[in-house]
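Worksheet: the structure to be examined is printed underneath.
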Amino acid sequence: MSIVLSNLAGYNQKQTDPEAWDRAEFERQLRAKGAGYHIHHPFNVRMNSGQLSPDDIRCWVANRFYYQINIPLKDAAVMSNCPDRETRRRWILRMLDHDGYGDNEGGIEAWTRLGEAVGISREDLWSLKLVAPGVRFAVDAYVNFARQVPWQEAVCSSLTEMFAPKIHKDRLANWPGHYQWIEAGGLEYFRSRISLAERDVEHGLQVTLDYFTTRKQQARALEILQFKLDVLWSMLDAIEKACQQNSETSHA
Ligand SMILES: O=C(O)c1cc(C(=O)O)c2c(n1)C(=O)C(=O)c1cc(C(=O)O)[nH]c1-2
């Protein structure tokens, strides 16, 4: 009896499983997640509209540095789980983009220049003493996720980069007017990321659309993307709080 019932349950389940989205619809669903991107976080909205003080900008730059230095660790974790040589040949570029190679100084160095342009010394930035606990926690969650899941899932989590070119372009368009005290050369990191993010997304989407093929898997992909959106959102929550505390102590 119980066998019959469980077979029946399986049969009914099959009947009700929604059909997988085709590639175009799946991609549309992934892109719709942009509504929850940290571009809409109140702190980013204030940053983009010129409402932050120099101390707030410094706080953001110093905290975001922790994300920057962890991206290559995350990408190395993806590589270490990936048995496919063709994928590794492409993925390794992400590490080189940030760490640099040959004459290319790389993104981490460019971020260090951004730090100097806003008035943070290299020593203070690299000491990580300005990084808030919540930022460490969120970034570490991202790196640990990449260590622990199948590499295709970690690739999917990088797809917030679909929404990043716009946030970089906004900074390039608006910071020079709003924050004239920042030396223009400091913004080079944002410029460099636009084409790199577009290249990364092309590859990341290809892997994701190929790997998550049933509707259940596609739902999992959306959950993964939400997790990563939450990482970025939590970082800004923690940064906003840290800025508030800094300004309270400096006015005390
Ligand atoms: O400034 C931003 O808002 C922003 C966001 C993201 C992102 O969406 O994860 C990345 C970056 N920048 C970035 O510069 C970068 O190199 C990067 C790599 C990745 C990733 O998940 O592999 N995200 C991002």
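For ligands, and for the atoms within them, numbers begin at 1 and follow the listed sequence.
Between Asn174 and Ser49 the shortest side-chain heavy-atom distance does not fall below 4.5 Å. The side-chain heavy atoms of Trp126 and Thr112, taken from C-beta on, include a pair separated by under 4.5 Å. Looking at heavy atoms from C-beta onward, Tyr66 lies in side-chain contact with Leu128 at the 4.5 angstrom threshold. Residues Met47 and His178 fail the side-chain proximity criterion, which asks for heavy atoms closer than 4.5 Å. By the 4.5 Å heavy-atom criterion applied to side chains, Trp60 and Phe43 are counted as neighbours.
A salt bridge links Glu27 to Arg31: at least one charged side-chain nitrogen sits closer than 4.0 Å to a carboxylate oxygen.
The protein heavy-atom contact nearest to atom 23 (N) of ligand 1 is Tyr67 OH, 3.2 Å. Regarding atom 11 (C) of ligand 1, its nearest protein heavy-atom neighbour is Arg64 NH2, 4.0 Å. Shortest contact from atom 14 (O) of ligand 1 to any protein heavy atom: Tyr189 OH, 2.5 Å. Given atom 7 (C) of ligand 1, the protein heavy atom at minimum distance is Thr160 OG1, 3.4 Å. In this structure, atom 5 (C) of ligand 1 lies nearest to the protein heavy atom Tyr37 OH, 3.1 Å. Scanning all protein heavy atoms for the shortest distance to atom 3 (O) of ligand 1 gives His38 NE2, 2.8 Å. With respect to atom 22 (O) of ligand 1, the closest heavy atom belonging to the protein is Lys74 NZ, 2.6 Å.
Considering every non-hydrogen atom in both Gly186 and Ala117, the closest pair reads CA-CB, 3.7 Å.
For Met162, the heavy-atom gap to ligand 1 stays at 4.0 angstrom or more. No heavy atom of Phe163 sits closer than 4.0 Å to any atom of ligand 1. Under the 4.0 angstrom criterion for non-hydrogen atoms, Phe190 is not in contact with ligand 1.
Taking only nitrogen or oxygen atoms, main chain and side chain alike, Tyr142 reaches within less than 3.5 Å of ligand 1.
Using modelled atom types, one side-chain atom of Gln218 and one backbone atom of Trp21 make a donor-acceptor pair closer than 3.5 Å.
Heavy-atom contacts of Leu232 reach the following atoms of ligand 1: 7 (C), 8 (O), 9 (O) (cutoff under 4.0 Å). Per-residue contacts place Ile71 under 4.0 angstrom from the following atoms of ligand 1 (heavy atoms of the residue considered): 18 (C), 19 (C), 20 (C). Atoms of ligand 1 found under 4.0 Å from any heavy atom of His98 (numbered from 1 in listed order, with element): 16 (O). Remark: ligand 1 atoms within the under-4.0 Å shell around heavy atoms of Ser158 are 21 (O), 22 (O).
Looking at His41 against ligand 1, nothing comes within 4.0 Å, counting heavy atoms.
Ring geometry for His168 versus Phe190: interplanar angle under 30°, hence parallel rather than tilted (30 to 60°).
Atom CD1 in Ile224 sits 3.5 Å away from atom CD in Glu153 (nearest 0.5 Å).
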